[in-house]
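One is the number of the first residue; the rest follow in order along the sequence. The figures here come from the full heavy-atom set of this structure, side chains too, leaving out hydrogens, waters and symmetry mates. Counting starts at 1 for both ligands and their atoms, following the listed order.
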Amino acid sequence: MKILGSEITPYKTYLNRRKFIQGSFASALLATVSSSVLAKHNTDPSIYNQFMNENDKVNSYEEITTYNNFYEFGTHKKHPHLNSGDFKPKPWSVKIDGLVKKPMTIDLEKILSKVTIEDRVYRLRCVEAWSMVIPWQGFQLSELIKMAEPLSSAKYVQFVTVFRPEEMPGQKKRTINWPYREGLRMDEAMNPLTILATGLYGHEMPNQNGAPMRLVVPWKYGFKSIKSIVEIRFLDQQPETSWETLAPWEYGFYANVNPTVNHPRWSQGTERRIGEFKRRETLMFNGYEKEVAHLYKDLDLTKFY
Ligand SMILES: Nc1nc2c(c(=O)[nH]1)N[C@H]1C(S)=C(S)[C@@H](COP(=O)(O)O)O[C@H]1N2
Ligand SMILES: [Mo]
């Protein structure tokens, strides 16, 4: 079934519809930010930092948009910023299929007209032991899942990135078995911390950060945050993921941030926050233990890394 984007919501309109979370957010890093300030597409970190604790100041817009991994644009951390200029994230549609009552191909604008856009300031901890604090705008993945009405047999969700070698020069090389794929267990996907992000710093999502829509799962290593998503598939079995397929002894399906389980080639006990000199301790589940530890109480985390 093809649903055409009849109700187009301009980006500014849905930014103004954002729900504002009240109270302290220092532990879960859920930010409360005034919409009037953000609507100006401000890149001033102090807008966010007034709500943050001393330990977790947001990274600059410059840091976030010029240093990251997005192999579709090249394998160096400067490549996504340098090589993503030709990518066209508009218009965009997402295919939702597999074990659902309502399979659909839906225009992103249509999705955005039906969900609640929120500000979520999250730590991101990469498997390569660097980290950032990023102010995202997005909506809970659970909202989209509910729209699709998964069958009770659906136990996992798989995500697929777009394949456009003409716009994504890195896809002309066989570094990864394209398209990039990732997955979550259904309860992880439904957790309120899990979002599909469509913007950062009040800007539309920059191409290099996964325009127009990418996953953010703040208690997992960065490689779980799949970018430029075109397909969301519901499955009864654990899906293959790109990094696990490449090197299963190094990258697991779960990829939970865990300072006690080292990567075979380096320690995961500490990390370097981009912009800082001194390394800091990595927190269990990236600091979101209170919110997500219950999901893994029956799992041996050294085996299911
Ligand atoms: N499609 C796609 N998604 C991807 C990647 C990629 O190469 N391709 N790299 C991952 C890795 S390894 C990291 S660390 C994060 C980093 O991006 P961010 O800083 O924009 O969150 O994106 C992840 N998502
Ligand atoms: Mo990464």
Exercise for the section: Could you pull out the closest heavy-atom pair between Gln137 and Asp119, with the gap in Å? Expected result: NE2-OD1, 2.9 Å
Handout entry: Sub-4.0 Å atoms of ligand 1 with respect to non-hydrogen atoms of Thr161
Key = 1 (N)
Problem - Donor-acceptor contact below 3.5 Å, side chain Lys57 vs main chain Asn55 - result: no
Practice task
Report yes if some heavy atom in the side chain of Leu184 is under 4.5 Å from a heavy atom in the side chain of Leu215; otherwise report no.
Solution key: yes
Handout entry: Aromatic ring pairing Phe70/Phe73, orientation class (parallel under 30°, perpendicular over 60°, tilted between)
Key = perpendicular
Exercise for the section: Ignoring hydrogens, just give me the one of His79, Glu63, Glu72 whose non-hydrogen atom is nearest atom 8 (N) of ligand 1. Expected result: Glu72
Fill in the blank from the handout: The protein heavy atom nearest to atom 11 (C) of ligand 1 is Phe223 CA, 3.6 Å
Fill in the blank from the handout: for atom 14 (S) of ligand 1, nearest protein heavy atom and its distance come out as Cys126 SG, 3.2 Å
Exercise for the section: Report the part of Ser225 in contact with ligand 1, treating N, CA, C, O as backbone and CB onward as side chain, heavy atoms under 4.0 Å; options are side chain, backbone, both, neither. Expected result: backbone
Fill in the blank from the handout: For atom 21 (O) of ligand 1, the closest protein heavy atom turns out to be Arg214 NH2, 2.7 Å
Problem - Side chain, backbone, both or neither: the part of Leu124 lying under 4.0 Å from ligand 1 by heavy atom - result: side chain
Exercise for the section: For atom 15 (C) of ligand 1, find the nearest protein heavy atom and state the residue, atom name and distance (0.1 Å precision). Expected result: Gly222 O, 3.3 Å
Problem - Carboxylate-amine/guanidinium contact Glu128 Lys77, below 4.0 Å - result: yes
Exercise for the section: Quick one: look up the protein heavy atom nearest atom 19 (O) of ligand 1 and list residue, atom name and how far away it is. Expected result: Asn68 CB, 3.4 Å
Exercise for the section: Give the residue, atom name and distance (to 0.1 Å) of the protein heavy atom nearest atom 7 (O) of ligand 1. Expected result: Tyr71 N, 2.7 Å
Problem - Proximal atoms of ligand 1 relative to Asn209 (non-hydrogen, under 4.0 Å) - result: 20 (O)
Exercise for the section: Classify the contact between Glu182 and ligand 1 as side chain, backbone, both or neither, using a heavy-atom distance cut-off of under 4.0 Å. Expected result: neither
Exercise for the section: Fit a plane to each ring of Phe285 and Tyr296, take the angle between them on a 0 to 90° scale, and name the class: parallel (under 30°), tilted (30 to 60°) or perpendicular (over 60°). Expected result: parallel
Practice task
Could you tell me whether the side chain of Phe163 reaches within less than 4.5 Å of the side chain of Val230, counting heavy atoms only?
Solution key: no
Handout entry: Proximity of Gln208 to ligand 1 by residue part, where a heavy atom lies under 4.0 Å
Key = neither
Handout entry: Nearest protein heavy atom with distance in Å, relative to atom 17 (O) of ligand 1
Key = Lys227 NZ, 2.6 Å
Exercise for the section: Report the part of Asn69 in contact with ligand 1, treating N, CA, C, O as backbone and CB onward as side chain, heavy atoms under 4.0 Å; options are side chain, backbone, both, neither. Expected result: both
Handout entry: Nearest option to atom 10 (C) of ligand 1, as decided by whichever heavy atom of Tyr180, Trp243, Tyr251 sits closest
Key = Tyr180
Practice task
Kindly confirm or rule out a cation-pi arrangement of Lys224 over Phe253, judged by NZ or CZ under 6.0 Å from the six-membered ring centre and within 45° of its axis?
Solution key: yes
Handout entry: Minimal non-hydrogen separation, Val133 against Arg273, with atom names
Key = CG2-NH1, 3.3 Å
Problem - Distance flag, aromatic centroids of Trp219 and Tyr288, threshold under 6.0 Å - result: no
